[in-house]
Each structure stands twice: as structure tokens, then as C-alpha cells.
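Below is one structure; the comments refer to it alone.
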Amino acid sequence: MDFVIETKELTKVYKSEGKDVLAVDHLNLNVEGGSILGLLGPNGAGKTTFIMMLTGLTLPTSGTAKVLGYDIIKESREIRKKVGLLPEGFGFYDHLTAPQNLDYIAALNDIPKAERVKRIDEALSLVGLQDVKDRKVGGFSRGMKQRLGIAQALLKNPELLIFDEPTVGLDPEGSRAFKDLVLRLNKDGKTVILSTHLLFEVGPLCHSIVVMNRGKAVVQGRVRELMEKLMAEEGYRIRIEGKGNLGTFADALRGLKEVKEIKLEDRGILLKAISDISLQIGRMASNYGVEVSTLRVEEPTLEDLFMKYYRKEGISIG
Amino acid sequence: MANMFTVASKEFSDIVRGKRFLILVIVFGLMMTVAIASIYLRVIQAAQQAGGVAMPRGFLGLAAYNLITTMSYFAPILGLALGCDAISGEREKGTLKTTLVQPVFRDTIINGKFSGAFLSISLAIVIASLVGIVGSVLTLGITPTGEDVTRLFLFMLFSILFAMTYYGLAAFLSTVSKRTTQSVIISVMLWAVFTFVIPIVASLVAVSTISVSIRPFQNATRPFKNATSRQELQRYVEELRRQSAITESIQSIAPNYHFTRIAQYILQAYAGGIGARIGIGGAGQGLEGLRAASILQSLSFAWPNILVLTISTILTFIASYMVFTRQEIR
Ligand SMILES: Nc1ncnc2c1ncn2[C@@H]1O[C@H](COP(=O)(O)OP(=O)(O)O)[C@@H](O)[C@H]1O
Ligand SMILES: [Mg+2]
């Protein structure tokens, strides 16, 4: 399997007012092509620094990395040619219109003049700015500028897209449109990395996540696998609802060796088991005269997943 | 290479279409025009006194003096105005980030910025000088000779160099400063020091270290009558020479001094008549010898000053380059 990003012991130490700031700490990470990856973590975790190293905007203090097979130190220009990047704290020229701004960027990307108009139109349509082509960027709202930033990343038609805090400044509608765009880009085979401190904003889109804290990747993996692991560790939550003597039934279930916890609620029973025993429960119910209306394994939510790791790391969810 | 032209032409069109550029060119164009108008009035006056016979070439010294003085303010202010936010402005607007995430190297950006600024500075100086030159030529009714044209061309060239020295200084400050306001304050302060403080300090130091013993011309009743007074006169001249040597060596810290020197050497051919009074001409060389100097001779006199300006400009560029290519961007 080829990885679009491979890092080995990637480390960045900033010198700031005589003090060393360890922003990225011996990071080892592989990102699979074709996926949507969430790079998550609180402010100051090192996400932006990591992204800047990947694209040659800052040099690592030690360690190495490859992006699309190119070395981040020696071939950073090739990387920036093929990677669309929405950086943190980007800006545009206020006295120019959106197409004029993009034209400059197209020129820097060696996009031939003949192709530019078409490419710029496409990028602007993808982010919904096609109707404000004659307006100067100085008059744009924060959300419009954010959209233009995204358009800038799309302009070079990249294989890999990295968005740093992409939903900052977007209204709910813009944020939804952005998520649709990400899914569409991914469907076209592009790898998308979404870096954000807002977990729930983009979390649900991601196939894989990396949670960073204090420069380290504290969790990484496919969301599905992480969920399964979480269920195995924390137990399967099974909800049973129905008519009959639920109290007696609950006592009987408590006797099963797979059951770790059981709770009798108003409308039913909630239990935690070490494996999926819902079939067994269904069979037992009729023996106890319980008419089951609902019997389901409750999948853990993304929130459960984050809560677990964030609590372990002592990070507050913001 | 293609990218450097992209950055340079962007920089050029941003500057030239900006308000700052327009305002500076208009203000200095007006200053030139006012200076020419004053020459025009003097020409008319002189012509009336001489019974209608004008001697326009005699006023070229004054015209040259006006040109040099105006340029000695215009060039530094132009350089500072364009350089003081060259990097910090883009950093503050975030456009630097947007540019750096494209497939360009940082040296391309700084090269492009300096080249774009060089082109716009050249344009501004050519416009402002042409206003002064064409205005003077029309006012005085003179047909410029080939030599005139060459000297004026050289004058523009070295004015551009002078403006670039200040641009480089300001651009360097803009690269190291966190904010534009910071680089504006420091570069304006440096300009004020070079333009006003150093000349004053230089003459204060000179006057206080070398005291001039006598003032022969004040004692007009017996000027140079005997051996004693001839010796006195020699001593006096020697003291003055030493004073001006001290003044000049202190002033040579400032780029302004070198520019004035170069401009004087180049335009001293016009230092006849009224110009001579205002002191166009070198201190070291006899005025007569200078006035007769050919263009090549003028250049060879100005050579050390040209070298100083060129080297300082290159140094500011190298310093900006080194800082910018190594700097962390936030
Ligand atoms: N240019 C810099 N100089 C000094 N410290 C920096 C610099 N950039 C980032 N840092 C520090 O590095 C750490 C990681 O920051 P950053 O990468 O921006 O995190 P995130 O994007 O996850 O919020 C923080 O402690 C931050 O203060
Ligand atoms: Mg960040």
C-alpha cells in the first residue's frame, strides 16, 4: 500500500524568545491515499506546524517525511505543485477581484494562460462564488474569503488537499456546502486532510483520524476500527425495550457471564456486554414472557470516541 | 525564472496603480514645477536688467541645483514609502502565506519584489526628473546637447540607485519587523538622521575640533599686505580644509552625502553663473577644473561614491534575502 504521507520521527522545535517550544514531537504517521483524514486536537497541539512542515513552509528540526513520494526538504516545490493547501491565516489582495487574485495564483502555478479562465471559473463555482466575480475581495465577508481560500486550493487540481481550520468563519450553510464539497472531492479520488480543533464539525466525514496533543499523535487509525476497539474495551451497549416483567428479566440477564453492567430504565433495559449477545437475549426474552419491541446494539458515537481519548489526555472538548 | 517575472510584474502593477505612488509622483512633480517657475521669474528679471538680452545657459546651474535638491528628498522618500511594507505588509494581509503555499521558492518572492520595486522606482524617478528637465529646458529655451542628455541620463540612473539604497534599507527593516508600523518608524527615523542630524553633527564636530584662528576677509582694511598675513591666510585655508575633511568624513555615513556628491560631479558642468554661488562643485578639486571635466572625468571623480551606494544597496538586499529565506512564518 502506498501512502500519500509518510513521516518518520518528524519533529519541530521553535525557538521563541530564547525558549524552545516543542511543537511536533517525533511524529510517525502514514496516511492512506483516497481517504478523508481528520487531523484533530486542541489549539496548540501542533497541527498547523505539522502541515507547514509537510508543505515546506517551515523546516523540521529533525526527522523526515514524504508527501506523494517527494521529500519535504528537498522537493517541497514539487509538493506545493501537487498539493492544494488552505493555510491558516491566509489572505488575498483587497484591491483585486476574486478572479484576479486567482489569476496570480494560477500564474505562480504555471497554469497556461489559455486554461486559466476555465480553471478559475470552475474553482469559483465549486465554492459558490461564481456570482461575485466583479467584486473586489476587500468587500468580501469572512466566509466569502474563506471560500476563496478553498478555491485557491482547488485551482491546481491537486491529488491531495489539506485544509487547515476550513470551517472557521463559515456560516452553517457554508459549512454544509464545504462538507458536500469534501465528499465530492473524495469521490473523485482525492485524498483530503481536514485539520481542526472543532471535533464535531468535520469528524463525521472522516474515514480516519489522528488526534494530536502536545505535538504527539495520541490516537490514529480508521474510524471504524477505532470504534470496534472502543466497543471491545468499553463493552457493547444493548438496549432492550418491551412489555412484560422487565425486572425479573433483568435479574436473569445479570447472571450471564458476558454482561458487565445492567441498568433498568423507565422504558426498558440498558446493558453493557463484552460481546454482541443480542441474539441470545432475544431468545431468552420469550422464556421470560417479555414481548420485545426494540433490541439493538447501540454503536458508540464519535463523541464517545473523542471523550475517551480526550479524557485520557486531559483535553477539554471545545 | 518565469515565477520571478510573475512576482515582479505583480509587484510593479500593485505599486504603480497604488495611491502612494501617484501621490508621491504628483507632489514631487509639483515641487519641480514650482522650482522651475522661480527660475523663470529670475530669467525674466535678469533679461529686463540686461536690456532684454537673456543668457539662459547661465541659469542652468540653478536648474541643476533645484533638480539635485528636489531629488535628494524625492528619492529617499520614494524608496522608504515603497520598501517599508514590502514584506511586513504582505505578512499582515496574509497574502505572503497564500503566495508561499504555491510552488515558488522564497528567493523568487524576494527577487521579484526587489525587481518590481526597481522598475516602479525607475518609472517614478524618470517621470519626476523629466518634469524638472523638460520644464527647465522649455523655460530657458535651450536646445540640449548630446552631452546634456547623457549627463541627465546619468543623473536619473544614480537617482534610481539612491532610491534603491533607501528601498533596500526599508525592505530589510520590513523583513525583520513584526509589524509595518515598526518598520515605518525605524526607517523614517533613519532617514531623518541621515538627512538632518548627521549634517548638523558633522559641522558641529568639525567646528569644535578645529578652531579657525582668524577671519581674514573680515579684516578688509589690510588684506594680504605683508608676509604675516599671507601666512595667516595659508593657515586659515588649511584650517578650513581640515574642517571640511572632518565634516565630509562624518557625513559619508549617510547615503545622502554620496548621492549629492555624485549628482554634483555629474551636473557640475552647469555650475557657471548663479549655480557657482550655491556651491556646485567638489571641495577637493578646484572649481574651474571640475567645470571643464568631461563626462568620463566626472564619473571617475564620483566613482567612490557610486561604489558606496551600490555596495550598500547590495548589502541591504543580501541581508533581506538571508533573513527572509530563513524566517519562520506564522
Ligand atoms: N513561529 C512560531 N514560533 C514559536 N512558536 C510557535 C510558532 N508557531 C507555532 N508555535 C507554537 O507551537 C505550538 C503548536 O502550534 P500550532 O502548530 O499552531 O498548533 P495548532 O495548529 O494545533 O493549534 C504552539 O505551542 C505554538 O504556540
Ligand atoms: Mg492551527
Side-chain angles (χ1 to χ4, degrees), chain A residues 12-16 21 23 48-49 51-59 61 70 75-96 100-113 137-138 145 148-149 151-153 155-156 158 162-164, chain B residues 1-23 82 85-113 115-116 120 176-180 322-330:
Chain A
K12 177 75 187 188
V13 180
Y14 287 112
K15 301 255 179 279
S16 175
V21 180
T48 297
T49 305
I51 291 171
M52 298 222 305
M53 283 195 283
L54 293 181
T55 46
L57 297 192
T58 189
L59 288 174
T61 311
Y70 296 108
E75 298 162 306
S76 74
R77 188 169 178 265
E78 291 308 311
I79 294 173
R80 289 193 297 273
K81 207 168 208 157
K82 298 205 160 68
V83 176
L85 173 60
L86 174 73
E88 207 176 35
F90 67 91
F92 289 99
Y93 296 98
D94 283 349
H95 63 285
L96 301 180
Q100 284 167 342
N101 267 293
L102 291 186
D103 187 71
Y104 178 51
I105 287 163
L108 292 175
N109 279 283
D110 297 323
I111 296 174
K113 260 212 154 73
V137 171
K145 283 183 187 165
L148 186 54
Q152 162 277 133
L155 193 61
K156 51 187 117 177
I162 305 179
F163 297 108
D164 198 356
Chain B
M1 249 353 229
N3 268 335
M4 200 195 99
F5 288 123
T6 309
V7 178
S9 65
K10 171 81 170 56
E11 182 72 2
F12 177 74
S13 79
D14 277 357
I15 291 177
V16 170
R17 283 195 246 159
K19 279 195 205 97
R20 217 179 307 177
F21 185 84
L22 192 69
I23 290 172
L82 303 187
D85 66 347
I87 299 294
S88 55
E90 299 237 14
R91 198 162 37 214
E92 279 159 20
K93 280 182 289 186
T95 46
L96 186 60
K97 265 276 179 64
T98 311
T99 309
L100 284 172
V101 305
Q102 312 309 333
V104 288
F105 290 118
R106 291 199 193 185
D107 43 4
T108 310
I109 295 178
I110 197 123
N111 291 341
K113 286 229 131 203
S115 319
S120 7
V176 294
S177 304
K178 280 218 166 66
R179 326 228 81 223
T180 297
M322 300 226 297
V323 172
F324 182 68
T325 49
R326 284 166 176 71
Q327 193 164 55
E328 292 291 354
I329 51 151
R330 270 258 210 198

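Below, read A as the first sequence line, B as the second, and so on, with proteins coming before strands; counting in each chain starts at 1.
- The candidate with the highest count of non-hydrogen atom pairs below 4.5 Å against chain B, out of A:I105, A:L155, A:V83, is A:I105.
- Side-chain N or O atoms of B:K93 include none that pairs as donor or acceptor with a backbone N or O of A:Y93 at under 3.5 Å.
- Residue A:D94 does not touch chain B at all, counting heavy-atom pairs closer than 4.5 Å.
- Of the two parts of A:K82, neither the backbone nor the side chain holds a non-hydrogen atom closer than 4.5 Å to a non-hydrogen atom of chain B.
- Taken to the nearest 0.5 Å, the CG atom of A:L108 stands 7.5 Å off from the CD1 atom of B:I109.
- Neither the backbone nor the side chain of B:E92 comes within contact range of chain A; no heavy atoms are under 4.5 Å apart.
- Ranked by non-hydrogen atom pairs under 4.5 Å with chain B, the options A:G89, A:G84, A:A153, A:G149 are led by A:G89.
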Applying side-chain contact (heavy atoms from CB on, under 4.5 Å), run through A:Q152 and B:Q102 and close with a yes or a no. CA-CA 10 Å; A:Q152 162 277 133; B:Q102 312 309 333; 3.0 Å; yes
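- There is no contact between A:K145 and chain B, counting heavy-atom distances below 4.5 Å.
- Summarising the geometry of B:E328 relative to A:T58, their closest heavy-atom pair is OE1-OG1, 2.5 Å, with the distance given to 0.1 Å.
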Test log, rule side-chain contact (heavy atoms from CB on, under 4.5 Å), inputs A:H95 and B:K19: CA-CA 11 Å; A:H95 63 285; B:K19 279 195 205 97; over 6 Å; no
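- No donor-acceptor pair under 3.5 Å is formed between the side chain of A:R77 and the backbone N or O of B:F105.
- Atom-to-atom distance recorded for A:L57:CG and B:I329:CD1 is 5.0 Å, nearest 0.5 angstrom.
- Only the side chain of B:R106 comes within contact range of chain A, with heavy atoms under 4.5 Å apart.
- A pairwise comparison of heavy atoms in A:N109 and B:P103 identifies OD1-CD, 2.8 Å as the closest pair.
- Rounding to the nearest 0.5 angstrom, the gap separating the CZ atom in A:F90 from the OG1 atom in B:T99 is 12.5 Å.
- In this structure, the side chains of B:V101 and A:L86 stay at 4.5 Å or more apart for every pair of heavy atoms.
- Proximity of a side-chain donor or acceptor of B:T95 to a complementary backbone N or O of A:G91 within less than 3.5 Å is not detected.
- Within the model, atoms CG of A:D110 and OG1 of B:T6 stand 7.5 Å from one another, a figure rounded to the nearest 0.5 Å.
- For chain B, the nearby part of A:L96 is the side chain; its heavy atoms alone come within less than 4.5 Å.
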